[in-house]
Amino acid sequence: MTRFLRTPDFTLAAIALLGFVVLAFATSGNLLSAGTLGAFFRFLAVPVVIGLSQMVVLAVGQMNLSVGALTGFCAMAAAWLMLEAGLPAPVAVLAALALGLGVGLINGLLVVFTRINGFIVTLATMTIIQGLRYGVNGPDTFQGYSAGLRAFGRASVLGLPVVFLCALVVAGLVGWFFARTVAGRRLLASGGSPFAARLSGISNDRSLVVAHGLSGLLAGVAAVITVAASGSVNASIGDDLLLPSFAAPIIGGVALAGGMVSVTGTVLAAFLVRLVDVMQAQFGINPRWIDLIIGAVVLGAVLLGTVRQRLHDRGSTA
Amino acid sequence: TKKSDNDESAATSRGPEQVKIALIPGGAHPYFQPWKDAAATAKTELKLGDVTFNETSDWDQTKQNDVIKSLAAQGYNAFGIFGVSPENINSTFEDLKRQGFAVGSLASCPAGDVDKADFCLSTDTGEAAYKATKTAIEAIGGQGTIAHLTGNKVDSNTQRRIEGVQKAVDETGGKVKVIQTVTDIDTDLQSAQKAVADLLAAKGKQINGIVTTAYNPAVAAAEGVKQTKLPIKVIAIDDDKTILDGIKDGAVAGTVVQNPVGQASVGSYALMKLSGGCTIAQPGVVIDSGSFVVTKANVDTYDQERQTKTNELKTAFDGQYLVCK
Amino acid sequence: MLVAENLIKTFPGVRALDGATLRVSPGSVHALLGENGAGKSTLVKVLTGVYQPDGGRITLDGDDLRLTGPMDAQAAGIGVVHQERNLIPAFSVAENISLHHLPHRRGVVDRARMRAEARRCLGLLEVELDPDAPVATLSPAQGQLVEIAKALSLENRVLLLDEPTASLTGDEADHLYAVVRRLRDSGRAVVLVSHKLEEVFAVADTLTVLRDGRSVASGEALAGFSQSRVVDLMVGRAYEQVELARREVNAEAVPALRLADVATAHGHRDVSLEVRPGEILGLYGLVGAGRSELAKAILGLGRITAGTVEVHGKPARIATVGEALRRYRLGYVTEDRKDEGLFLDQQVTRNIAVTVWRRLARLGLVPDRAERRLALDFVGKLDIRISTPRQVAGQLSGGNQQKVSLAKWLAADCDILIVDEPTVGIDVRTKAAFHELIAGLAADGLALLLISSDLPETVALADRIAVMSDLRIAGVLDNDHDYPRMSRQIIRMIHAETHAEAA
Amino acid sequence: MSVATEEGRTESAETVRKPPRIPWWANPRVGLVILLILLIALFTALRPAFLDTKLTLVPLQSDISVYLVVGLAQLMVLSLGHMNMAVGRMAAMSAFVMGLVHDQLGAGLVVSLLLGLIAGGLLGALAGLIISRTGVNSFVVTLAMDFALVGLITILYTSVTDGVAFPTLPAGMDALRFDTFADYCLGDVCGPRIPLVVPFAVAAALLVGLLFRFSRLGREMLMTGANIKAAELSGIPTKNRIVQAHALSGLIAGLAGFLLAANNGAFSASIGGEFLLPSFLAPVLGGTLLAGGAVSVLGTVLGATLTQVIYKGLNLLQFQLDQLQLYIGLVLLAALSLDRARHVIAERRGAKL
Ligand SMILES: Nc1ncnc2c1ncn2[C@@H]1O[C@H](COP(=O)(O)OP(=O)(O)OP(=O)(O)O)[C@@H](O)[C@H]1O
Ligand SMILES: Nc1ncnc2c1ncn2[C@@H]1O[C@H](COP(=O)(O)OP(=O)(O)OP(=O)(O)O)[C@@H](O)[C@H]1O
Ligand SMILES: [Mg+2]
Ligand SMILES: [Mg+2]
């Protein structure tokens, strides 16, 4: 416990909690009303999952620029399967997950076999996927698919939307994967010191493929959440996910160099960004100022973390 | 010493079969889809060399300029353009004019008072927003609060829409207030949905009507209001299938439709004439292509009204805007 | 029996192995010797599947061995400790030790078994380490021990140790050699690469000497050789160590660097030292005594909380190394060359010239030719083996990397130089050359603070020796270069200090 | 078993053997050039209009100029292993200052340009300062800065203009936009058909190349990127280098903003909105790593050229939107895989030297 108090996660958690409480008071409790809280968490699910999707590849020192486009593509594909191909929702959901996984694996294989920088590979596949995403239904919107799926997207348990709980479960699984499984540890070893990992008989190539595959699968999960929670999808889905996908893990303390992950940090960072969103709606802040505020909050959160770290270091050496 | 550069801009006169028209929207958007058919129709009806529709500019002015130049290199010689950036598009028009091409600004006019295209055939966005707000005010019974959801804030069309909404609200003499204006949520559907959900969560109970003047916010608002079951009147924009369905099932109180078909077909007609040696009486003239309020009452018949307007526009071009020898 | 015959390995521009042969029998300790860059580490890497040879063959008990990767070597029962550290900093000690075969139940790591295994391996070396501590928090020596424990964790038939004791204390090295003997007695084969010939002669049975990638001796019993004969073989000619010329230090001169009652945030107390121009002050101590941290504090990398630092008689406030170099002409050769000394991805010439750009630059531009001339000058002086001047530092052999990080500061043209463990991993001949160079610098008036855990080196070079123990100066001795007597005095001093502490 | 006879020791001079001869075609830059030639040949074969000077080649050069400069702005901080997520917005702020100085103070082209560049440089320096003093990841700092600037830019534009653009341009901007050197003649000798914006980009590339190749400043930036600890311990003022690299990044971003404003014909708030990905694409395609410590200016030039050629060529082929994007991605992948194959062959040959 005392160890946790010193981590950057704690700083983030403290800021997030403080922000939440302050906002709750400032809105005289409106934030805590069922509707508001529901909206708050429902739209937190996708940022969390997409942040994790990026985190998984960051762990092996790669980037995945295609996460957003892939989420959109999987969402469109799922909707198409239900509306045009007339398949039942569970099949469409599984198909979306499989599609995400498949495209992710292709990303990974391309990175391994061509030895081209992952940044460029995923940039290229991003444009390809954007084309495919648009190809599904042009610029038009899909609507009115499976009532069951939409009910699932709107359902809540104890005031928390089911989709958000799903995202938390996914986050827990990802955390467990990296902390406890052999495959997860191997990914981190490859990311941290590829050469040392190789000397220990770990195949870095396999790590790359696994990481990209997992990233794609998580994009598929984000797609399913989107389809379920939003009730309508079109080719623009995923366009605003690229930056948040990086912002959440990096604000959460994940290094771009690879070798480490922080699931709690990623979730908390996504939470923090969402808080700012909601604040805008609650106070009707001039939208022109909102970006300024997000910038300031993000910077402030990270700065505070470093200051704490410094104070802590000084305290322990003196 | 600088060479004079007017040597090429002498207008040439082309027969219809030599006219190749390019219709270029700002990017992929449902609004422009009717242009595709209108282009094909125009080609056959007017017996033009070619009419193409190219939506690859991806909402980026630089890319749009590229697309335009590529089409020019392909031999297209008349252009109907929705400028991505109303601030910059005059330069593009000027460029095309210097090369002797006929240019129409379609569906959006350049910012400011100057229009370097031959003409601008577009919805008066301020007027459309005004009409939408009027409809909303009527729907909420002339009293209450409304929210306005729209697109890119660094766009002068958005500024005009905000003004249009304000104008209609001001006319009520304080009985109706704008509680919030949310911009920048037309880039993608998810952001729009999120913004609508947050808005409804925060102020849903105080809001009586929502005016949307961009596509994704309109879809999101219709859906969001339906889900929360709040008694809010949503005024949408355009006549995408999802929105018409919304009107029919009551989720949407009304919509303001524009005239994309008219813009494309009349625009093509005017471009053909201009290429054929006609000149524009008043270069840079701004022509409203019309906007129409659609509610449940006229959802099946509004298109006739629109076609009438289109025919009027064509006559107006022949009689009023064009000077032909 | 592990046999490698006529191995050939070429890197772009250099043939690291040129027909090397090695025969190791079970139940013996085999010494693999050679100068820096002779190809020892390359041979070790070929034998463990890290590199694929361009020619030659490897057999184990008469069967052809094809090693396509480190996994194959492990499968064949060949364990290794490489010269460079290869641990994952963020992982725990236990996890690093069993990384190649993480114990698991259906894919989930079995931590209890992992910890037990780590305890067992560390126990063999008689080291107490928390199996759950992240490796990043360990000292270099502890890291080295973990690396060795990792190689012991597998039931290997052959164990290859590349410079295992470079960063260990005497005690720790003794533990290691005890384990090595035990392994030998149980019928394993151990290959030992080391530049510390005394240790080699104490433990090894047979030897191979590499020179320029060729075996000039392979498989002979060590008993038939004297140390000087081995050195001659390594060097390729009769080699005689030159006695260092004696220097006179002007005891009256204003000290170039003086510390008075310095205390630091790291915990040093009452540290007083002075180094005069032309003098070499040896700063001896056991690993962890606090010498490197003191040096860093002087350079502004740690906080000085009390006392004064004077340079040439004037109080000095140093905030960065840049300032030390610019204002006080004070340089610091770091101990940790991989992390702090070298730019592994950059060319050797740049690594050397980085400290002199300021001096060479004209209008902010660095003349290429002057830079290269200066760098190659030091390449020659320190006999740095590079294949082309464009070679990047990371591709050099361990010892040659060390020389590059030294050359950088020799090039900087300082008045005062602090050198921290300068000759770790450097071969005998180069070490002698380096000693000559250092003595020469002192003769030219440079003030040198020599931090070294190598007692013979300290006694050979220093004019006076300060002994540091547990963050204090235990005493300063005048050096009369009589090794047996000096070493007795110094060791007594360290012991007295630790006793006083205990009392 | 044998003991070799004593031989004369090889002199150290001999150990410094001649550099291995790497085949000329193994140079990664050469690969990009070959790719470019192949693509140009392909596009020309499919659409002869690709070689139309006025409608294709001249605009192509202008576009390359803009994206080259954008790439250089990112390259500056890539040398440190940093990123500048705010390139676009720094360009926009810089362009705003240029527009403001002209519009409100009536300053001419040169003065406006200089003041704008300074503004960009200051913004970059601010980012660098925060990064170097706090040690916070450059990605986070510049991303936060990007957010802050987006807001600020609209606020500023709407407060000094009635829209989101300045209505006027300094004299001379039009010439930059429309003219090529062919429009300027001395007697009968006219210049080549190169747009006037090209020299700006070429000069920027040359200066940046010079900086990294020959100057102490640039080299120390690279060393800081290669290993910041070692750099600090080698006496390099790493904090200053970080600030300087970011300042230059901001300044060059400002130049990119200016060139785009010249190409598009207005100082507007939307400048730079699409800079982010291309800013990485050009340097990374050209072989610059995100890890820092090594940059290739020539590679950036080729990377920017390659992307614009692909884009232009595919545009000429008039694909529908979905196909266009599909082919852009595929061409990029195929092109790079080819380049990669060439590299592997070279490596194999190299090993046998
Ligand atoms: N990856 C590499 N690329 C290029 N050259 C290399 C590489 N690794 C080693 N070399 C070269 O091969 C030669 C032999 O190096 P090696 O590391 O085997 O020497 P060593 O005998 O272990 O020396 P030391 O005692 O200094 O560790 C050196 O000249 C070195 O520069
Ligand atoms: N027992 C230990 N556990 C963890 N870290 C240690 C230990 N001993 C020393 N260190 C670390 O190792 C580094 C070197 O130690 P220090 O500078 O105090 O001693 P030194 O006399 O220079 O010894 P060395 O010869 O190892 O450099 C320091 O960073 C120190 O914190
Ligand atoms: Mg070695
Ligand atoms: Mg030390």
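In what follows, every chain begins at residue 1, and chains take the letters A, B, ... in the order their sequences are listed. Keep in mind that this is a model prediction, so the values were computed, not measured. For the numbers below, each heavy atom of this structure counts, side chains included, while hydrogens, waters and symmetry mates do not.
If you measure heavy-atom distances from D:Y67 to chain B, the contacts under 4.5 Å come from the side chain alone. Heavy atoms of B:D66 lying under 4.5 Å from chain D belong to its backbone as well as its side chain. Residue B:F93: no heavy atom, backbone or side chain, is found under 4.5 Å from chain D. The contact between B:T52 and chain D is made entirely by side chain atoms (from C-beta outward), counting heavy-atom distances below 4.5 Å. At a 4.5 Å heavy-atom cutoff, the contact between B:S85 and chain D is made by side-chain atoms alone. At a 4.5 Å heavy-atom cutoff, the contact between D:Y311 and chain B is made by side-chain atoms alone. Using a 4.5 Å cut-off between heavy atoms, D:Q320 touches chain B through backbone and side chain atoms alike. The contact between D:L324 and chain B is made entirely by side chain atoms (from C-beta outward), counting heavy-atom distances below 4.5 Å. Neither the backbone nor the side chain of B:A111 comes within less than 4.5 Å of any heavy atom of chain D. Of the atoms belonging to B:I89, not a single heavy atom falls under 4.5 Å from chain D.
At least one side-chain heavy atom of B:Q159 sits less than 4.5 Å from a side-chain heavy atom of D:T158.
Rounded to the nearest 0.5 angstrom, D:Q318 CD and B:T56 OG1 are separated by 9.0 Å. Annotation: the span from B:S91 atom OG to D:L169 atom CG amounts to 7.0 Å, rounded to 0.5 Å. Taken to the nearest 0.5 Å, the CG atom of B:N152 stands 8.0 Å off from the OG atom of D:S270. Summarising the geometry, atom CG belonging to D:N315 is positioned 9.5 Å from atom CD belonging to B:Q74; distances are rounded to the nearest 0.5 Å.
Ranked by heavy-atom pairs shorter than 4.5 Å toward chain D, the options B:N88, B:I68, B:V67, B:D95 are led by B:N88. When the candidates D:P48, D:S268, D:G273 are compared by the number of heavy-atom contacts under 4.5 Å with chain B, D:S268 comes out ahead. The greatest number of non-hydrogen atom pairs below 4.5 Å with chain D, out of B:N90, B:T62, B:N54, is found for B:T62.
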Can you list the steps and then say if D:K312 with B:S70 is a side-chain contact (heavy atoms from CB on, under 4.5 Å)? CA-CA 7 Å; D:K312 186 120 274 167; B:S70 299; 4.1 Å; yes
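For residues 255-267 of chain D, the interface with chain B (any heavy-atom pair closer than 4.5 Å) comprises D:L260, D:N264, D:G265, D:A266, sorted by residue number.
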